[in-house]
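Have a look at the structure below before the remarks.
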Amino acid sequence: MKKKVLSTLLTAALAASLLAGCGETAAPAADTASSDAGAATEEAAPADTSSDAGSGEAYHFEIIVKSYQSSYWQAAVKGIEAEAEAKGVTVNCTGPNAESDIADQVNMLNSAINNAPDGIGLAACDQSACLDALQAAMDAGIPVVCFDSGCPDAPAGSVVSTVATDNYSAGATAAENLYPALKDKLGNGQVRVGEINQEATSESIINRGLGFIDKFAELAKADGYTVAVIGNEKYVNDTKAETVAEADADIVIEVGVPAQTTVELCATEAAAIMNKADTIGMFGSNQVAAEGILTANENLSVLGDKILAAGFDAGSVIKAAIKDGTLFGAVTQSPLAMGITTIDVLCDAADGKSVSDVPTDGYWYNADNMDADDIAPNLYD
Amino acid sequence: MNSKELGKKSILTKLGGQKFIVLLVVIVLFAFFAVASPDFRKYTTVLSILDYSYYIVLMAIGVTFPLITAGVDLSIGTGLICYSLAGGYLVVQCGWPVGLGMLVSVLFGIAIGALNGVLISIMELPPFLATLCTCMITRGLGSICSKSFGISWPAASAPGGWFRSIFKVTLGNTKYPLGFLWILLIVAAMAFVLNHTRIGRYTIAIGSNKEAAVLSGINVKFYHIMAYVISGFFAGLASIAYSAVFATVQPGTGAGFELEAIGGAIIGGVSATGGAGSIEGALIGVFVICLLKTGLPFVGLQANWQQIITGLVLIGAVLVDIIKKRREAK
Amino acid sequence: MGEVILTMNDIDKSFPGVHALDHVHFDVNRGEVHALMGENGAGKSTLMKVLTGIYTKDSGSIIYEGKEVEFHNAREAQDAGVVIVHQELNMVGHLTVAQNIFIGREFKKGIMIDDKKMNEEAKKLFERLNIDIDPTATMSDLTVGKQQMCEIAKAISHEAKVIVFDEPSAALTEAEIQELFKIIRDLREQNLGIVYISHRMDEIKVITDRVTVMRDGGYVGTLITNECTKDDIINMMVGRVIYEEPKTKSMVAPDAPVVLKVSHLNAGKMVQDVSFELRKGEILGFSGLMGAGRTETARAIFGADPKESGEIFVNGQKVEINTPEDAVKAGIGYLSEDRKRYGVVVQKTVAENSTLATMDRYVKGIFINKKAEHEITQKYVDSLATKTPSVDQLVVNLSGGNQQKVVIAKWLVRDCEILIFDEPTRGIDVGAKNEIYKLMNKLAAEGKSIIMISSEMTEILRMSDRIVVMCEGKVTGELGIEEVTQEKIMNLATRDIQ
């Protein structure tokens, strides 16, 4: 009898937590611990000191990050929490375990709405999955500020501001820096450039990926080369570049997208492309993808001379790779500043002021400039 | 009651049965990929396949024991990540020596394994339920241990990075998959344990006829717990293998690893209903899965196809197991 | 027969709601075979479990080899030399014979188990007992009879001084039973004390020296086998003489129509060119040794096993039976010999089991009409005198005999006209047996037609109007009840065995 009671209780607990999200999911990731000594060694100065010491009201905001998978988000949350403390408002930060746990995030968003906060900050894993919730937020009178990844298809008026890197131009920045380094290898028969995107659903990743492809193709066309784009359908279909058939192209851009947003799956995709004899360049559009490329290189040892690779974001692994030349360079965003700005905008929106989009900057960095004063603060661990 | 004829063993059974078939499958798959894609044929590809297989093989070796007792351990996947995060946090954020961090990972694995064992053997929870619960627990624990950060164990060139060379050494210009050597030794050792020591013998007895084992005076509760401790121990070892191969360990991942390990073991001949199985078979079965995982991208199949095909292969393996049983029962 | 080796005095044991053992006395001498008898639920198994340490007694004492002992688990009892050979064989199917015999006490070389030595020792053991079994064979590959031999060998290897056999002959062929008796006699010569629990009266008479009878948890008395009759024993077991004489005359009307005709049925080695007829209101006994093919024939008729060729006619009409569903539609019901595996869904209630074959009658749309279920079940519980506290009792909690009655009820609810009973009273106590016999006669009188497969000669002789004898898959003869004798049946049943 005791066995039955115990089993029933456990089953009920199981069912309850399963209801909180489908798939192989569990309870949402714990709230981030407040930053302490165990944090990144590089502190970034808050980029924006124009905030008032207290905006008059102790607002409460719900913040939902894309996931806790990479240190990028930890930096963003640090910025959020620091600014919240400075402004005298409270925040509750949550996020799914992995950036592919879309259903989890939608549930968190709905919970956040139910908590009736003064505003919501959201970095959407899949913007189309959030549309209904965004409508609900608007109906409830809760302003939503999107950060890092926007929701361009959101119902009109539901998202009052998007604080994000212009992901499309960030991707283009990578292409702008990588292309010149690869120019000498062009023209001697067909070559291949690989792009690894961790998924094809979030606005940030899609735009970075497309930004890179389009800019690279544009630069190539200017030099008289033809380009073909193959691989994952989303990127193949949405690219603006003028493309030719694979057999006829001088440059083949191959896009790999794994089934889940994990490093080992990105590594497998990257390995397949990096193994090909005609590959000369690689681009990973976020920290996970870039680390996947580096992991694949552990065995292949082709990065640095045979293949030049550009990454995205920072983190200790990527930074070390750039320092020793394995990675040609990377584009970093300013997650800290993004977090701070998000809180500022939320406060303004809660105050009733009108707000608009705030694009944050993305910087290209490599071994030469990574210690410079304007770049270094954004390179978190 | 129908009288059974003394089992007439087919040639396949004499050759080791399912293990033999699966080995053939591995060879055929490898040949197929090698022919279909010239890039696949490179030494570096073999290195990659091996690298990415260590952690799954170790999990599979460990989980074979609960499977043979007609149970299962679903906590090894998220557990692996949890143990790695715990040890890694101590190394990276608290400055502990890498060796000590590795020890913590393994001990953590043993502890969770013991917890599973107690839940299942003494409190008599169904294994599926108990290990699913510890799976969720370790998932959260991992995040807590690392304070939600991802952890990167020291790189090969950093001080402390020596542990990566347990699995791979660079002599001159070539890298050698030393890890595979350890795997073979471990497989041999555990096969010996399973077939020639009391722990292995009683594990089989528990899976085949627990009642009989109890009535024969065996301390079934103890050996039942040990099966899960072994599984936890190997999850701990697997966490070291994972940390050594991959750059960063992220909290919240790991769910799904256990399916590859369990699937590999079953493909290799571990019976889904307990009582039968081999360590060598688990090794070969995992290689089928790793080959598919690594090889399919080389022939251009998108990631989702890998999972579909792996699932189909797994169904095939379980069907073979069941059909074999039906034939024997006639 | 030597001196007393084991005395159980005043043993008392209760479980919640059940007083299982009520001041029971039992003693065993060296060099004797002592039968322990009683209806199901009388407490025989419980008493033996108390002896071997699986249960702890509430009060009383056990004196073994002159000293008071208390075994706390099976291991302690084994080590002291008191061993049970269980009814449900406790063998680990996936291990070999030798590994099974020495399980828990393996020979070791360091941490490695010395399988080679175990095989040798097992071989020696088998030679001592004159059994021909390969110690390296996998246990699940052996026949049930051989598995039991291994179980006995295992008991011997414990240097046993007292061996308890719990229903040993239930799953054995006649030949194997004779081998078993030989071994038991050998053991008796070696001065072991042997306890023999069995329902089979004729065996008791053959092999035992004394008989102790229990009833409802209490000790009734001990008789010397040579000096008592079957009726004496039965009397003690149930408190009244109920044994009837064998049937002398067929109860079937001479003009009764043929309800079932089986023609040239073939289904593998066990069913070869089987043909017979069954008439309305008849009880047709199927006799033969174990393994003669009777169950296989029944299963082939019922559609549970595929057949290669042959035709089946019900009431003159040819019917296609490929699945049990077809058979049930044709009005045939089958009570299998292995109740737990094929007859009842043990975790379900009496009511649920009884209506299992007729669910469509108690179903409205997607709802089950529990009230109607209960009514019909209660009707049969009453008419069959099934001992159960209520129709919602889980079947697993009933005794074997009552479980059997639940299975019978299932087919009666289905209004099957043709019933195949396969070993209907196996493992059932005498009192319940009698009720099943009465029931079968009643059904036959009502016009149902019954095929009764049985390995108990007395049962065949008592119930059948006609007897079909099978041997190794073939029908070897048919006898009317007026002309039959045990010898004639045995003759036909063993014709092909050299």
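Numbers restart at 1 for each chain; the letters A, B, ... are given by sequence-line order, proteins then strands. No hydrogens, no waters, no symmetry mates; every other heavy atom, side chains included, goes into these values.
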**Prompt:** Which bit of B:T248 comes within less than 4.5 Å of chain A, counting heavy atoms only: side chain, backbone, both or neither?
**Reply:** both

**Item:** Contacting moiety of A:L300, where chain B heavy atoms sit under 4.5 Å
**Value:** both

**Prompt:** How are the rings of B:Y55 and B:Y242 set to each other: parallel, tilted or perpendicular (split at 30° and 60°)?
**Reply:** perpendicular

**Complete:** Paired with B:W153, the ring-ring contact (aromatic ring centres under 6.0 Å, His included) test is passed by just one of B:Y89, B:F163, B:W162, B:W96, namely B:F163

**Request:** With a 4.5 Å cut-off on heavy-atom pairs, point out which of A:E254, A:E269, A:E264 contacts chain B the most.
**Result:** A:E264

**Request:** Give the member of B:G295, B:C94, B:S48, B:S152 that has the highest number of heavy-atom pairs under 4.5 Å with chain A.
**Result:** B:S48

**Request:** Against chain A, label B:Y43 side chain, backbone, both or neither, depending on which of its atoms sit under 4.5 Å from a heavy atom there.
**Result:** neither

**Asked** Would you call B:L178 and B:S165 a side-chain contact if the rule is heavy atoms closer than 4.5 Å?
**Response** no

**Request:** Look at the aromatic rings of B:F180 and B:F287 and report parallel, tilted or perpendicular, splitting at 30° and 60°.
**Result:** perpendicular

**Request:** State plainly whether the residues B:K293 and B:E260 are in salt-bridge range, i.e. N to O under 4.0 Å.
**Result:** yes

**Request:** Can you tell which part of A:S301 gets under 4.5 Å to a heavy atom of chain B, answering side chain, backbone, both or neither?
**Result:** side chain

